[in-house]
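Being a predicted model, the structure only gives us computed values, none of them experimental. Count residues from 1 along the sequence. Counting convention: from 1, in listed order, for ligands and their atoms alike. All values below were derived from every heavy atom in this structure, side-chain atoms included, with hydrogens, water molecules and symmetry-related copies excluded.
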Amino acid sequence: MTIPTLNLNDGNQIPQLGYGVFKVPPADTERAVSEAFEVGYRHIDTAAIYGNEEGVGAAIAASGLARGDLFVTTKLWNDRHHDEEPRAAIRESLDKLGLDSVDLYLVHWPTPAKDDYVHAWEKMVELREAGLTRSIGVSNHLVPHLERIVAATGVVPAVNQIELHPAYQQREITEWAASNDVKIESWGPLGQGKYDLFGAEPVAAAAEAHGKTPAQAVLRWHLQKGFIVFPKSVRRERLEENLDVFDFELTSDEIAAIDAMDPGDGSGRVSAHPDEVN
Ligand code: NAD
């Protein structure tokens with residue numbers, strides 16, 4: 001099974017499906033990531049704040065996989081945007097991961113009340129130039145944040161990782177991203193289990209029509225929309241299920257029916273709004 005890759009705007013490539021380890025307990029992370037490697041995942045999404053970079057690093061070290069076959073993302077936490085803190089932070093992350101560089105480093109949240117995300121982005125550009133990360137991007141950035149960092153530096157982030165699932169499709173950001181060659185990474189792609197996504201008629205019908213599970217139908221929707229996904233689970237059978245999404249295709253009608261699940265007023269959001277995280 002080959003996981004498709006997407007081209008980033010800096011010439012690098014990213015596997016379109018990976019494994020996210022938010023809330024994977026540190027003590028469980030080496031086992032979970034090792035299992036993910038065994039079943040075929042090669043792209044891991046972690047963050048300094050998840051507290052489990054050491055477990056990811058232990059699994060990488062034990063895997064015997066070539067560095068070039070892996071794609072590792074981690075993120076700069078909110079209290080380290082200022083001064084030279086981004087450089088100190090990535091060095092700590094690399095130490096925990098046991099790597100010389102990551103494939104993608106993200107500013108985790110813009111924290112707009114602190115007004116230091118432009119500085120953080122300037123430092124990210126330096127970290128890429130220093131070879132500590134191959135690509136740089138952002139997470140939870142709204143269009144005004146994106147416009148400001150691009151105007152200040154001329155550097156367009158490779159990705160924006162945002163909450164995105166059928167009830168909350170973030171059309172303003174995805175349209176901006178499409179016109180500026182920024183890839184969207186959907187976090188919470190399964191709605192974090194916080195609403196009845198799998199029982200929703202368009203999802204259940206698409207799953208039934210293709211002999212797949214509702215989770216697989218939703219992941220397929222993300223992939224066909226061009227989004228990058230890394231669903232989280234600590235159960236091997238679900239890791240396998242979430243990877244087994246490359247042998248079917250949703251029809252344009254099925255995609256359109258899932259597209260219509262967003263009420264359009266922002267009420268489908270299940271987690272924090274970027275303006276509220278500071
Ligand atoms: P998710 O939508 O992936 O949901 C995870 C939940 O879905 C888990 O509790 C799991 O039990 C369930 N699940 C997984 N596979 C399933 C399946 N096949 N069938 C039924 N249930 C299944 O939510 P998430 O973990 O929050 O998001 C995925 C990743 O996105 C995270 O692990 C993390 O890497 C990233 N993330 C980033 C941010 C950010 O601010 N940048 C925030 C949250 C998550």
Side-chain angles (χ1 to χ4, degrees), residues 14-26 28-29 32-33 35-36 39 41 43-53 55-56 71-78 93 97 102-111 117 136-142 145 157 159-170 173 183-200 203-204 207 212-223 227-245 268-278:
I14 185 168
Q16 201 182 353
L17 190 146
Y19 176 42
V21 295
F22 179 45
K23 292 199 171 155
V24 177
D28 222 13
T29 303
V33 175
E35 275 193 357
V39 306
Y41 291 83
H43 166 181
I44 306 295
D45 184 90
T46 184
I49 196 69
Y50 301 170
N52 56 20
E53 288 169 311
V56 173
F71 191 100
V72 182
T73 300
T74 193
K75 313 185 190 89
L76 175 71
W77 188 240
N78 302 345
S93 286
L97 291 163
V102 282
D103 297 283
L104 179 60
Y105 198 46
L106 304 180
V107 178
H108 205 145
W109 294 87
T111 63
Y117 60 90
I136 51 175
V138 295
S139 179
N140 300 303
H141 279 47
L142 306 176
H145 308 137
V159 310
N160 188 15
Q161 181 179 128
I162 53 174
E163 179 185 335
L164 198 158
H165 42 82
Y168 192 56
Q169 296 184 30
Q170 301 256 39
I173 300 178
K183 291 287 181 280
I184 291 292
E185 298 191 321
S186 305
W187 67 252
L190 303 175
Q192 298 186 321
K194 290 181 179 165
Y195 65 102
D196 186 20
L197 173 59
F198 298 157
V203 170
K212 289 288 187 175
T213 67
Q216 289 171 324
V218 173
L219 293 173
R220 191 69 219 170
W221 174 82
H222 286 278
L223 296 171
F227 306 144
I228 297 155
V229 274
F230 21 79
K232 176 246 166 183
S233 174
V234 288
R235 290 165 49 177
R236 190 184 182 103
E237 64 276 14
R238 283 188 175 166
L239 287 171
E240 288 173 342
E241 176 184 334
N242 295 343
L243 197 58
D244 183 18
V245 291
R269 180 163 59 82
V270 299
S271 193
H273 188 279
D275 281 338
E276 293 160 3
V277 177
N278 283 289

Please say whether [X] places an N or O atom under 3.5 Å from an N or O atom belonging to ligand 1.
{"X": "F22", "answer": "yes"}
{"X": "L190", "answer": "yes"}
{"X": "S233", "answer": "no"}
{"X": "K75", "answer": "no"}
{"X": "G20", "answer": "yes"}

Subject >> Nearest-option assignment for atom 5 (C) of ligand 1, heavy atoms, candidates K23, K232, H165 >> reply: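 Answer by nearest heavy atom: K232.
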
Original post:
Can you tell which of K194, R238, E163 gets a heavy atom nearest to atom 17 (C) of ligand 1?
Top reply: R238

**OP:** Indicate the atoms forming the closest heavy-atom contact of L239 with A32, along with that distance.
**Re:**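 Where L239 meets A32 most closely, the heavy atoms are CD1-O, 4.1 Å.
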
Original post:
What are the two closest non-hydrogen atoms of L223 and Q16, and how far apart are they?
Top reply: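 Looks like O-NE2, 3.0 Å.
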
[atom]: the protein heavy-atom neighbour that sits closest, reported with distance to 0.1 Å:
{"atom": "atom 43 (C) of ligand 1", "result": "W187 CE3, 3.2 Å"}
{"atom": "atom 26 (O) of ligand 1", "result": "Q192 NE2, 2.7 Å"}
{"atom": "atom 28 (C) of ligand 1", "result": "F230 O, 3.3 Å"}
{"atom": "atom 27 (O) of ligand 1", "result": "G188 N, 3.0 Å"}

Heavy-atom distances under 4.0 Å are what count here, so tell me which part of [X] touches ligand 1: side chain, backbone, both or neither.
{"X": "N242", "value": "side chain"}
{"X": "Y19", "value": "neither"}
{"X": "F198", "value": "side chain"}

Atom indices of ligand 1, in the order listed, that fall short of 4.0 Å to a heavy atom of [X]:
{"X": "Q161", "value": "35 (C), 36 (N), 37 (C), 38 (C), 39 (C), 41 (N)"}
{"X": "N140", "value": "39 (C), 40 (O), 41 (N)"}
{"X": "D45", "value": "33 (C), 34 (O), 35 (C)"}
{"X": "A215", "value": "17 (C), 18 (N), 19 (N)"}
{"X": "W109", "value": "40 (O)"}
{"X": "H108", "value": "39 (C), 40 (O), 41 (N)"}
{"X": "P189", "value": "1 (P), 2 (O), 3 (O), 27 (O), 28 (C)"}
{"X": "G191", "value": "2 (O)"}

**OP:** Before giving the answer on side chain to side chain contact (heavy atoms under 4.5 Å, CB included), spell out for V138 and H145 the whole-Å C-alpha distance, their side-chain angles and the decisive distance to 0.1 Å.
**Re:** CA-CA 10 Å; V138 295; H145 308 137; over 6 Å; no

Polar side-chain atom of [X] near backbone of [Y] as donor-acceptor pair, under 3.5 Å:
{"X": "N140", "Y": "H108", "answer": "yes"}
{"X": "N242", "Y": "P231", "answer": "no"}
{"X": "N78", "Y": "T111", "answer": "no"}

Original post:
Are E53 and T46 linked by a side-chain donor-acceptor pair shorter than 3.5 Å?
Top reply: no

Original post:
Under 3.5 Å, is there a donor-acceptor pair linking the side chains of Y117 and H141?
Top reply: no

**OP:** Could you label the plane-to-plane angle of the H165 and Y195 rings as parallel, tilted or perpendicular, counting under 30° as parallel and over 60° as perpendicular?
**Re:**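 Tilted: the ring planes of H165 and Y195 meet at 30° to 60°.
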
Original post:
What is the ring orientation for Y19 with Y41, classed by angle as parallel under 30°, tilted 30 to 60°, or perpendicular over 60°?
Top reply: tilted

Original post:
Can you find a pair of side-chain heavy atoms, one from I49 and one from K75, that are under 4.5 Å apart?
Top reply: no

Subject >> T29 OG1 to Y50 OH distance, which is reported to the nearest 0.5 Å >> reply: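 Those atoms lie 12.0 Å apart.
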
Subject >> Salt-bridge present (D45, K232; N to O < 4.0 Å) >> reply: no

